[in-house]
Amino acid sequence: MNKDSSCIKKFLDYYGDYIQVPVELLVNPRYNGAGERNRVRHNSAILYGVLQRLSKRKNEKDENGYVTITNEDIAMIVGTTTGN
């Protein structure tokens with residue numbers, strides 16, 4: 001995904017200036033790799049925060065109450081490519 005300034009501005013206008021991530025995802029031994037568990041990756045925690053924000057917007061849910069988000073937006077959020 002190309003991160004030019006117009007794309008970033010559109011993204012910030014749509015998703016907002018910040019993303020709330022529960023600190024527990026980053027510090028609780030249940031999620032941070034204690035014992036045999038895998039650590040929750042930071043980009044997964046960030047995506048969780050975005051989905052939480054979208055779930056609070058009624059216009060972001062489909063008729064079944066599910067939040068929809070494009071692969072391109074997920075790639076922009078977590079800093080990867082869509083594989084296209």
Side-chain angles (χ1 to χ4, degrees):
M1 166 155 280
N2 184 6
K3 293 185 180 182
D4 64 23
S5 60
S6 64
C7 179
I8 292 170
K9 169 122 176 63
K10 179 181 167 190
F11 187 84
L12 289 173
D13 288 344
Y14 188 76
Y15 289 102
D17 294 333
Y18 65 93
I19 299 168
Q20 288 184 310
V21 175
V23 174
E24 186 168 3
L25 287 178
L26 305 174
V27 301
N28 186 326
R30 180 176 182 186
Y31 307 112
N32 72 2
E36 299 293 318
R37 300 176 191 264
N38 290 328
R39 176 184 270 291
V40 171
R41 298 185 187 278
H42 289 92
N43 56 2
S44 298
I46 291 168
L47 184 57
Y48 175 86
V50 169
L51 293 174
Q52 283 292 101
R53 174 175 256 180
L54 292 178
S55 72
K56 293 177 183 172
R57 295 182 186 172
K58 293 183 188 287
N59 62 336
E60 295 297 331
K61 296 181 184 179
D62 66 12
E63 63 276 355
N64 297 315
Y66 293 106
V67 173
T68 56
I69 186 170
T70 66
N71 288 342
E72 290 79 16
D73 282 352
I74 290 172
M76 174 72 118
I77 292 163
V78 299
T80 187
T81 61
T82 60
N84 293 335

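Distance alone, capped at 3.5 Å, places no donor-acceptor pair between the Asn64 side chain and the Tyr66 backbone.
In this structure, the salt bridge (charged side-chain N to carboxylate O under 4.0 Å, His left out) partners of Asp13, at least two apart in sequence or on a different chain, are Lys9.
The two atoms that bring Arg30 and Asn28 nearest to each other are N-OD1, 2.8 Å, heavy atoms only. When every heavy atom of Ala45 is checked against every heavy atom of Leu26, the shortest pair comes out as CB-CD2, 4.0 Å.
With rounding to the nearest 0.5 angstrom, the CG atom of Leu25 is 14.5 Å from the CZ atom of Arg41.
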Tabulate below the donor-acceptor pairs under 3.5 Å that side-chain atoms of residues 46-54 make, not counting sequence neighbours, or state none.
residue, atom, partner, partner atom, Å
Arg53, NH1, Tyr15, O, 2.4
Arg53, NH1, Tyr18, O, 2.7

